Structure formats: C-alpha cells, structure tokens
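Below you'll find the structure, written out as structure tokens, and then a few comments.
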Amino acid sequence: MDNFNKHYGDKKRPWYPLWYYWLCLSEMPFEIAKPDLDRYKPEMVNWLANKSAVMNNEYDKLIHPVLFSILRNALCRYDEFAYIKDRKPFVNEKDGRLYFNMKKEDHT
C-alpha cells in the first residue's frame, strides 16, 4: 500500500493501476484498508452516484460492470453504504449506458 501511494503520482498513468488498487483494497481486511479507502471514498462515491459507463462493445460490457462492482464492494463495507451490498449495476434501456443506483430507499 505504501509503495503504491508513494509512486502512483510519479508520472501520468492510465486509470487501471488505480482501479486495480481499489480492487485490492476491496478485498483486504477493512481495518487495514480503511485509511486508504477513506482517502478515495469521495471519488468512489462520485463514480457510483453520478457517473455512467458506455456499453458499446464486448470490452465495455466485460470491464465496466467489474469496475462498478469493485466500487460497490469497497464502499458497502462502510455502515453508511451497507445497503448497496447486494445491488448490481444496470443498463438503462433509454441510453444504453451502465449505471449504479446509490439511492437509499425507504423499505418501511
């Protein structure tokens, strides 16, 4: 973790090292990963709550659901986001893009 954080900003890189790091954080014991998850939490929440992904080809259809699932798996470990644990990304029929529902729905 220290090595990644020490060298990630050294030069311009594609997005995938960061997403792979987030995958690693999502699989680590929470108490170990929490300091770094706290650092990236606003960006992760923004991705799930406000962004969508194109689903134009087989690569998009393979990678984008995985990326959204990485974010979900990392965030649902926080009590405030436990409600998203079993949610899945979905494709909007109108625009063909992949989304994730972050709305906390009242189930009373």
Side-chain angles (χ1 to χ4, degrees):
M1 291 169 60
D2 290 337
N3 193 39
F4 175 85
N5 288 319
K6 203 180 295 183
H7 297 288
Y8 179 70
D10 289 352
K11 54 185 164 180
K12 186 175 174 97
R13 297 176 187 209
W15 57 267
Y16 41 85
L18 179 60
W19 284 82
Y20 182 74
Y21 186 61
W22 289 352
L23 171 64
C24 294
L25 291 175
S26 76
E27 297 294 322
M28 289 179 179
F30 187 62
E31 55 277 352
I32 294 171
K34 188 175 183 309
D36 278 20
L37 287 173
D38 287 347
R39 178 180 317 141
Y40 294 110
K41 185 172 144 186
E43 186 176 355
M44 292 177 167
V45 169
N46 186 49
W47 263 98
L48 281 185
N50 301 312
K51 307 243 184 204
S52 63
V54 297
M55 299 293 276
N56 293 334
N57 55 49
E58 290 306 311
Y59 178 78
D60 293 342
K61 292 174 185 175
L62 176 70
I63 196 70
H64 292 151
V66 171
L67 297 176
F68 278 29
S69 295
I70 289 169
L71 296 172
R72 179 206 55 218
N73 292 348
L75 291 173
C76 75
R77 300 164 81 192
Y78 289 93
D79 290 339
E80 67 195 276
F81 295 116
Y83 68 93
I84 68 170
K85 181 181 181 188
D86 296 322
R87 292 191 183 173
K88 295 183 179 3
F90 65 94
V91 175
N92 181 309
E93 295 299 322
K94 289 182 182 178
D95 64 10
R97 295 178 68 88
L98 186 72
Y99 292 88
F100 192 89
N101 179 3
M102 284 289 289
K103 293 181 179 149
K104 189 168 187 173
E105 297 163 3
D106 185 8
H107 292 113
T108 58

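In what follows, every heavy atom counts, from backbone to side chain, and hydrogens, waters and symmetry copies are set aside. What you are looking at is a predicted structure, and each value in this text was computed from that prediction instead of being measured.
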Inset, instruction - Any chance you could measure Asn57, atom CG, to Leu62, atom CG, to the nearest 0.5 Å? - result: 10.0 Å
Legend entry - Minimum-distance pair of heavy atoms, taken over all atoms of Ala33 and Met28: CB-CB, 3.9 Å
Can you give each donor-acceptor pair under 3.5 Å made by side-chain atoms of residues 64-72, sequence neighbours left out, with the distance rounded to 0.1 Å?
residue: His64; atom: ND1; partner: Val54; partner atom: O; Å: 2.7
residue: Ser69; atom: OG; partner: Pro65; partner atom: O; Å: 2.8
residue: Arg72; atom: NH1; partner: Arg87; partner atom: O; Å: 2.7

Legend entry - Pairs meeting criterion salt bridge (Lys or Arg N to Asp or Glu O under 4.0 Å) with involvement of residues 22-31, two or more places apart: none
Inset, instruction - Calculate, to the nearest 0.5 Å, the distance between atoms OH and CE belonging to Tyr78 and Met44 respectively. - result: 7.5 Å
Legend entry - Inter-residue atom distance Leu75.CG - Leu37.CG, 0.5 Å rounding: 7.5 Å
Inset, instruction - Any chance you could measure Arg39, atom CZ, to Leu25, atom CG, to the nearest 0.5 Å? - result: 9.0 Å
Inset, instruction - Report the residues that fulfil side-chain hydrogen bond (donor to acceptor under 3.5 Å, both in side chains) with Tyr83, sequence neighbours left out, ordered by chain and then residue number. - result: none
Legend entry - Same apolar cluster: Tyr20 and Tyr40, side chain cutoff 4.5 Å: yes
Legend entry - Contact summary for Phe81 and Val45, nearest pair of heavy atoms: CZ-CG2, 3.7 Å
Inset, instruction - Establish whether Leu18 and Ile63 are linked, either directly or via other cluster members, by ILVMFWY side-chain heavy-atom contacts under 4.5 Å. - result: yes
Legend entry - Check: Trp19 ring centre within less than 6.0 Å of Trp47 ring centre: yes
Legend entry - salt bridge (Lys or Arg N to Asp or Glu O under 4.0 Å) partners of residues 40-51, not counting sequence neighbours, each pair once: Lys41-Glu80
Inset, instruction - Could you list the residues that satisfy side-chain hydrogen bond (donor to acceptor under 3.5 Å, both in side chains) with Asn50, not counting sequence neighbours? - result: Asn46
Just distance, no hydrogens or angles: give the donor-acceptor pairs under 3.5 Å from side chains in residues 93-100, sequence neighbours left out.
residue: Asp95; atom: OD1; partner: Arg97; partner atom: N; Å: 3.0
residue: Asp95; atom: OD2; partner: Tyr99; partner atom: OH; Å: 2.4
residue: Arg97; atom: NE; partner: Ser52; partner atom: OG; Å: 2.6
residue: Arg97; atom: NH2; partner: Ser52; partner atom: O; Å: 3.3
residue: Arg97; atom: NH2; partner: Ser52; partner atom: OG; Å: 3.1

